[in-house]
Amino acid sequence: MKKQALLLAHFGTSHADTREKTIGAVERDAREAFPDWEVRGAFTSGMILRALKKQGLSLQSVPEALEDLQNAGFERVVIQPTHMICGEEYDKLRAQAEPFRSSFAEFSVGRPLLSSTGDMQEICRFFDREFPREEGEALALMGHGTEHFANAVYPALGYMFREMGFDRILVGAVEGYPGIDIVRKELRRMGVSRVTVTPLMLVAGDHAVNDMAGEEPDSWKSLLESDGFAVKTVVRGLGEYPAVREMYLAHIRRAMERE
């Protein structure tokens with residue numbers, strides 16, 4: 001049998017608690033689902049890798065992990081990103097991986113969680129099931145957002161929730177469109193009094209803890225409370241949900257088939 005490796009490429013987080021509950025859970029599920037594969041992880045964010053090094057943790061970048069696999073004689077390699085969208089980090093991952101393509105007999109790179117219409121419909125159904133809304137209650141999802149054109153996924157998701165009949169679910173982005181001001185305007189238009197806010201991110205790191213649920217006056221929680229809403233925050237990354245981890249496993253299977 002060929003030596004084969006599955007490399008899970010994460011943006012990463014410096015928060016140890018959510019890292020174990022999300023990134024760790026995805027990697028554990030992958031090891032269980034693909035027992036014939038060597039499963040390893042790497043981070044794509046240089047900022048996170050530097051922060052972890054200061055904490056005494058030495059994790060690998062994607063090029064470092066691929067070089068190790070090459071030196072260890074692996075012949076078949078599949079890289080699966082755990083990013084949300086095909087944005088800047090995914091572009092960077094592809095660029096970093098491409099020089100190693102000729103080093104392996106078989107090599108493929110999977111796609112992020114929300115990279116097709118089917119993916120987006122599935123995540124809409126997931127949130128509708130996971131967060132049932134009573135009358136007068138809405139759900140607001142905080143995505144990361146980006147200046148990359150792939151940011152269009154976030155407003156598309158908002159449209160899709162409405163089109164699929166999943167009322168009172170809004171999508172916003174902390175660093176992209178639609179921002180919190182648009183979320184606030186839409187919530188006022190809906191006439192709801194209660195809002196649950198939760199991340200549309202693999203991990204519940206700095207953005208979820210501070211920008212979403214923090215007590216600072218510019219956090220989503222504080223801004224929504226200043227509008228008069230009763231706000232509940234669910235600081236839980238998507239990697240904590242088995243249904244979302246199964247979506248990643250499905251992406252891995254497709255990446256293995258594309259070789």
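A salt bridge does not link E122 with R129: every distance from a Lys NZ or Arg NE/NH1/NH2 to an Asp or Glu carboxylate oxygen is 4.0 Å or more. Using a 4.0 Å cut-off between charged nitrogen and carboxylate oxygen, E98 and R101 count as a salt-bridge pair. Ionic pairing of R253 and E257 is not present here: no N-O contact between side-chain nitrogen and carboxylate oxygen is shorter than 4.0 angstrom. We find that D167 and R133 are not joined by a salt bridge, their nearest charged nitrogen and carboxylate oxygen being 4.0 Å or further apart. One finds a salt bridge joining E20 and R28 here, because a Lys/Arg side-chain nitrogen approaches an Asp/Glu carboxylate oxygen to under 4.0 Å.
Checked by atom type and distance alone, the side chain of R168 pairs as donor or acceptor with a backbone atom of E137 at under 3.5 Å. In this structure, the side chain of S222 does not engage the main chain of S219 through any donor-acceptor pair within 3.5 Å. Between the side chain of N151 and the main chain of G145, no donor-acceptor pair closer than 3.5 Å is present.
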**Item:** Derivation and outcome, salt bridge (charged side-chain N to carboxylate O under 4.0 Å, His left out), residues E89 and K92
**Value:** CA-CA 5 Å; E89 288 296 317; K92 182 172 75 174; 3.3 Å; yes

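Two rings, from F127 and F166, have their centers 6.0 Å or more apart.
Nearest heavy-atom pair across P63 and F100 is O-CZ, 3.6 Å.
Between K221 and M212, the closest side-chain pair of non-hydrogen atoms is not below 4.5 Å. A heavy-atom distance below 4.5 Å is found between the side chains of R188 and R184. Looking at heavy atoms from C-beta onward, F131 lies in side-chain contact with V234 at the 4.5 angstrom threshold. Residues V183 and V197 have side chains not in contact (no heavy-atom distance under 4.5 Å, counting atoms from C-beta outward). By the 4.5 Å heavy-atom criterion applied to side chains, S115 and H251 are counted as neighbours. Put simply, the side chain of L139 does not reach to within 4.5 Å of the side chain of L170, judged on heavy atoms. The closest side-chain heavy-atom distance from E175 to T146 is not below 4.5 Å.
Residue H10 is tested with H83, R19, E27 for a side-chain hydrogen bond (donor to acceptor under 3.5 Å, both in side chains); the sole match is E27.
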